Structure formats: C-alpha cells, structure tokens
Novice: 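Quick one: the structure is below, and I'll ask about it shortly.
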Amino acid sequence: MLEELGFSRRTFNMRPIPFAGTWGTSSSISYQLANEQVTREGTSELEGLSKKEAKRKTKELVGERAQAIAEQIVEALQAFDGYAQVEANNGYINIKFDTQRFASRVVNTISELGREYGAGEPKTDRVMVEYSQPNTHKAFHVGHLRNATLGNTLCRILKLAGFEVHKANYIGDIGMHVIKCLWCYQRFHQGEEPEPGERGRWLGEIYTESDQRVNLRQDALGLLNELSNEDPAFVTMVDRMMKELYQKHPVGEDVAYLLGQIANKREIKDDAFYSAETVPTFWPIAGQQLHTNLEMARGDREQHEDIEDEIPEPARYEEWIRQWKSLSERIEWWSWVPAWQEEIRNEFQRWERKDPDFVHLWETTRSWSMDDFERIYRELDIDFDTWFYESEVEESGREIVKELMEREIAEISDGLPVVKIDEKLGLEKETYRTMPVLRSDGTTLYSTKDLALTKHKFEEYGVDRSIWVVDVRQGLYFQQIFKIMELMGFEQAGKCFHLGYEMVTLPGGAMSSRSGNVVLYDDIAQAVLQRARQIIDEKNPDLPDEQKDDIAHDVAIGSLKYSMLSRDNNRVIVFDIEESLSFDGHAAPYIQYAHARACRILEKVDTPPSGELRFVDLTTEEIDLIQQIAIFPSEIQRAADEYKPLYIATYVYELAKKFNDFYRACPVLHAEEPQRSARIALVSSTRQVLANGLDAIGIAAPEVM
RNA sequence: GCGCCCGUAGCUCAGUGGAUAGAGCGUUUGGUUGCGGACCAAAAGGUCGCAGGUUCGAGUCCUGCCGGGCGUACCA
C-alpha cells in the first residue's frame, strides 16, 4: 500500500492510541517517512541558518509533512474494510477498531478460556529458579519475604507464560552462622528448650546473642571510631576524658594509645591494647561525655556560635547514646572475646569430624528452624519442587576444589585455595578478581558449596536455563561462580542468570539482627493480620468467624506480598510498618475489593446471559476496561521475558482501577437489554482476569471481604 | 581506585524512543431516593539531579559530572 503512494515498503509499527475512550491502534510511521522526504529534498530552506535554527526548522518541516503524509495514507486506507474509523491526527495515523466486534471477541475468549486466559504457548525451555534460601538457626525477616515473594511470583509468571519451571529452595543449614548459634546454645543456654512453635524464633535470638558476643569488640570500637570522626566535641574533650581514665586505670600505654588515636582520628584497633580492662573502664566516661555533648547540642546554640556548624544534631547524639547504652550492657564481655572466638573455631572442628553429640544437636535444632519455615511457606502459599541443603554439598564441594587444584584452575595463595579469575581469563583490568574456595583451616565456604550445587544442577537436572533469585549485593559473587564454571568447561554457565534485588531497609537504616534493627516476619504478619481482622469486623460483622479469619489472612498476606512486588527489584524498599498496616490506595486490598465487588454483582444475576452479546453504545469506561483485559496475555509474556513481576503487579492494579471507574459509571443490573447482558459478561470477564492476575502474583482473590 | 544500583510532585513510587510525564499517601473541597464508601470526583503540587551528545522526536539511549546506597580474597 505504501508503495502505491510512492514510498518504500516497510512494516507498520503499531501501538495503542494513548487517549482514554478510544480503542484502536496508531502508527507514527508518517514521521519516519516525512523525515526521509525532508532529508532527501535537500536543505535550501536551511541555508544561512545557524545549527540550532536549522534543527528547529527541520522539526517544523517534518511535523507538517508528517501530518500531510498521514492524511494521504488515511485516504488510501479508507478503501479497506474492517475498521470503524481511520483518521490522521497530529501526524499520527489512528485506526480505530469496530468496538462491537472486538469487545465481544475479547469477552468470549475469556469466557471460553477461564482460568487459562493469559497462558502462553508452551515453550520448550526448562527453567530452574532457586529462591528463598533461608538460613536455619536465624530469624526469618521481611528481607527474606521479599526474596520468597519475588522468586515465587517469577515462577508463577514463567509457568503461565508457557515455560516448564522447576522451583528450588536452598537451605543454609550449615556454615559459620550455625556453628556460632550452637556454640552459644551450649555455652550459655544448655538444656533450655522453648515451646514448639517458638523454637525457630528462639534459635534466631540465640544466634543474635552469639553474634553480639563475638563482635562486641568490633562494635564498641566501631562506635568510638565513628565518634572520633564525626563528633568534634568528643575529640576536643579527649584530654579531659583521658585524665579521668588515667585516675581509674593507670595503664599508661593504653591511655596514650586511645588519646592518640582519637585526637588524630585514626582507627582504634582492639589488638593494640595491653590490658583488657582499658576499654570497659573507659566506656562509662565516654558515655558521660556523650550526654554532656547532647546537652550542649540541645542548648542555646548562640552560646557556641564559633563551632555551631560542627556540632552534630541532637538526634545523632540520641542515636549514639542508644548504641552506647546497648553496648554498655555487654561491655564486660570484652575480655572474653578472643577466647570465645577460639571456642567457635573448635566447635567448627567438631562439626568437621562429625562429633556424634554435635551432629545430634545440629539435627535437632535444624528441625526446629525447618518446622518454622514450612509453616511460613504454608501461610504464604509458596512451595518448591526441590529442596537443596548446604550440608549435603559440603563433600562434593571439597571434591570440586580438589579438581580445581588438579586442573590448576585454583592455586594456593596466602595459605588457602583460590581462583584468580582475571588472571586465568587473561584480563588486564580487574573484573572478576579472586575467589577463595576453601578456608585456610580446610572448612568449606559458601562458594565451595555453591560451586558443587551448580555442577549438580547442570548434571542431574536437564535445565536449559538457571536463575538465582538472590540479594543484589552478591552480584560479583555470582559472576565469579559462573566464570569458574565456565573455566571448568560447563557450557551451561552461559545460561546462568542472577536475578538480583535490592535490600529491604528500615527507616532507621539497614536491617541487622545484631543491633536489633529488624522486623521479623512473624511479628509483622501478626500485626497485619490483626488489623485486617479488625477491619472485616467493622465492614462485614455478620460473617461467620471462620470466614472472617480466611479473609483476614488473604487480605493481610496479600497486602504484605504486594508491598514487596510493587517496587522494581533494583530499588531499595524502606519498610514502613505504619504503611504496611494501611490497606488504602495502591495496595492489594484495593484489587481484591474490585474482585469482591464483581463477585457481588454476578451473584445477583439470576440467569446468565445467553446468545450473542451485543456491545452497543460503549462508554469510555467500558472501552478502557475491555482494552485492559485484552492485553493481559501480552503483559504476562512481557513480564516473563524481562523477569519482572512488577509489570503484573502494576497491571492488576490498573485493571482494578478501570473496573472501579466502570462500576461507578455503568449500571449493570439495572441496565436495559441488550446492554445488561453485555455488561454482565464484561463483569464476569473482568472478574476472571482479576483472579488470574492476582493468582499470577500469588495473591488470593476472596469473593467477599 | 574499580564495579553495580538509585536520583521523576511535600512523601512513597509507576512510566515499552512517540501525542498534554502519571498513580498512591498527605493537604483542601465535594459525592449513597443506583450493583458494598476498603470506593469515587475536583483542586493544589514538576528546571524528570546537572551539562553535553545521538534522534524528526529523549524521563527513556550514549558520554561526563554532582548527590546517595551497595560490593570489592578465607561472612552468607
């Protein structure tokens, strides 16, 4: 057709018309054609103009020409049948569909396919997705929730898009964290055993305590170092503080060391002290000074005009004092730390030689955590086809290291086997760096086990693609793993993909169980459930209790999941507890509510519409809604192609919004025939797509709420 | 140093090289002789971090800079 008009042949690149209430497709091809014409015809009009003016003129000419060409093409298109209307607008060619015909086609398709609507053609690729990977002996917090939700949703979308999906979990049931936890348990909590149901959480607390014990020195000095660097008042007062310290604790070398390091803002190191009493003795003095400084920061600033800018905000002092207080409770641990670290190393050796008592304790406590995880997955409606365990790949990990050494891919450096990846690849610029594959004492690292597991996945599972849903901070780590697999000659390494996601932080900063700045899944789930239940009691007091519980669960969990999915995965989520308890606006309950509303209408229909549907005099709201339900399958495909559950989270929200617009503007049950039947069918289709869409992101669609 | 990510409305965030950059929260003012008000409408709110470049056309692609976060050999 274009050739007839004297243009060269090309494909029309169509996209939806971006105006509400119109339904069809548009093309900006006229711009491309106009540009070619203008360029070809030369630049006589542009002569003598500055570069900027020439550019502006060109833009103007192209714009005019585009409109002319669009009109020309529209003229030619009028001769064809099948469109309701064709028009040239603002240089674009808009082809509007016959709404009646397309509306009934979309609605009929959905009604035929039902739960299958949105599913893609079966694909040949088998995809393995590894996600969740919680550590036993540690608490499950909202950061883990992001991973589990993202991974599970990705699996659902890939499956719907037509891929054969293999869901894998990889439990961190051994490693330094487990050893630390069990050391602390035996040393300080021997024989204690909480109620079933609380045991997993309790173990997590033991782990935190252990971590605090071992890191006491590091944490205390961390605070002092921060104060040296960021609180000028603290540094100024260091002489007076040292005088006081010297009176209480006259180990001259240590006092001089502290004085020197703080005064010169140099890092204080814990192995530089002669006496283990120095820091614990200094601690109350430092705290006193912090309180004095806080008073000063709060006080009349005019009195300190000379250093006004340098004094930190009172809020910072409050935070420092909070940290100081928390550390004060355990500062007497200082002298124990080296011995404890030694004990933990010994504990690791007990595991290495499979000491029966130790293994027994490990098995028992491990199952406490596993019971918890299984309960949480049930609550979240998240499941797996395969469960891998770190403890199962330790041996094959050692073998793979042996192989790496024999093949000279790995070498000994500083007393431990490492792979110098850049060197092996002949890269000049540092890219993959060096990866240690075993500790110098022979114990296995995370990398040791992951190499073995990856090999296992390649050899035992016939997967074409393998995806790891893991925190983005491990980006370099996975590149290293994949490169090492490549160096070993595994072709599949090219089809490995690390789907990274950013962390979940709290308003007070990054989550850290050691500092107590953490939101546990169980706590937040309970709070959200309670709130959901409370709202249902208000909105729908007559429902039976059991049903209320079910709905509260669907709404609460859905809401939590949605908050994890409605942000792009490479964006940090600042988890706000207040916000997570609000069910208004852009959140899962909004979408679920639309679904419940649709169900309500359908419930009141006595006889379902029969015969051919006639969509006459469609309103803007109806057209927008029909368009939205029509694009569901392509949205699924797009989300699967790009590994972006976010697209579907956004999509279902938009759909709910459009349904609510429709709901307000278009009476259904009170409409006249044939409109009534058509609208009932549209509500039914919309309900189906809402349900399918929510299912794709793992969120329940209750019929009543 | 090197590498990755983020910067869009007061706040939290969407945005597939294409038409007038959109939601939610918050603020102000309204809406049920209609199928559920967990809803809806209106108002106010923008140098899309800055500067170049590519393009007929850039929030979107490229380069440089600024600001923030993260990673960078025996944690996972």
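All heavy atoms count here, side chains included; hydrogens, waters and symmetry mates do not. Labels below follow one simple rule: chain letters A, B, ... track the order of the sequence lines, proteins then strands, and each chain is numbered from 1. Everything quoted here is computed from the prediction, not taken from an experiment.
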Novice: Answer with yes or no whether A:E430 presents, from its side chain, a donor or acceptor under 3.5 Å of a partner atom in the base of B:G3.
Specialist: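 Flag unset: no donor-acceptor pair detected.
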Novice: At under 4.0 Å between heavy atoms, what does A:M503 touch on the DNA or RNA strands: base, sugar-phosphate, or nothing?
Specialist: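 The answer is sugar-phosphate, as A:M503 gets under 4.0 Å only of primed atoms, P, OP1 or OP2.
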Novice: With the criterion set at under 5.5 Å between ring centres and under 30 degrees between planes, would B:C35 be stacked on A:Y663?
Specialist: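 Stacked: centres under 5.5 Å apart, planes under 30°.
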Novice: Counting the atoms with a prime plus P, OP1 and OP2 as sugar-phosphate, which does A:C666 contact under 4.0 Å by heavy atoms, base, sugar-phosphate, or nothing?
Specialist: base
Novice: Would you say B:G7 has OP1 or OP2 under 4.0 Å from some side-chain N or O of A:R571?
Specialist: yes
Novice: So A:M176, base contact, sugar-phosphate only, or nothing? Heavy-atom distance under 4.0 Å.
Specialist: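 The answer is sugar-phosphate, as A:M176 gets under 4.0 Å only of primed atoms, P, OP1 or OP2.
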Novice: Pick one: which of A:E342, A:Q341, A:Q349 meets side chain to side chain donor-acceptor pair (under 3.5 Å) with A:R345?
Specialist: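 In the set A:E342, A:Q341, A:Q349, the residue that makes a side chain to side chain donor-acceptor pair (under 3.5 Å) with A:R345 is A:E342.
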Novice: Is any side-chain N or O of A:R567 closer than 4.0 Å to OP1 or OP2 of B:C13?
Specialist: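 Yes.
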Novice: Compare side-chain N and O positions of A:R597 against OP1 and OP2 of B:G37 and report whether any pair is under 4.0 Å apart.
Specialist: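 Affirmative; the distance criterion is met.
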Novice: Within the structure shown, what part of the strands sits under 4.0 Å from A:K539 by heavy-atom distance: base, sugar-phosphate, or nothing?
Specialist: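 Here A:K539 touches the bases of the nucleic acid.
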Novice: Indicate, with a heavy-atom threshold strictly under 4.0 Å, whether A:L646 touches base, sugar-phosphate, or nothing.
Specialist: sugar-phosphate
Novice: Record whether the side chain of A:Q474 comes under 3.5 Å of the base of B:A76 through a donor-acceptor pair of N or O atoms.
Specialist: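 Per atom types, the contact qualifies.
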Novice: Give A:S447 one of three labels, base, sugar-phosphate or nothing, depending on what nucleic acid heavy atoms sit under 4.0 Å from its own.
Specialist: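 No contact at all - A:S447 keeps every heavy atom at 4.0 Å or more from the nucleic acid.
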Novice: Base, sugar-phosphate, or nothing: which does A:V470 touch, judged by heavy atoms less than 4.0 Å apart?
Specialist: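 The answer is nothing, as A:V470 stays clear of every strand by at least 4.0 Å.
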Novice: In residues 649-659 of chain A, which ones come under 4.0 Å of RNA chain B, going by heavy atoms?
Specialist: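 A:T650, A:Y653, A:K657, in order of number.
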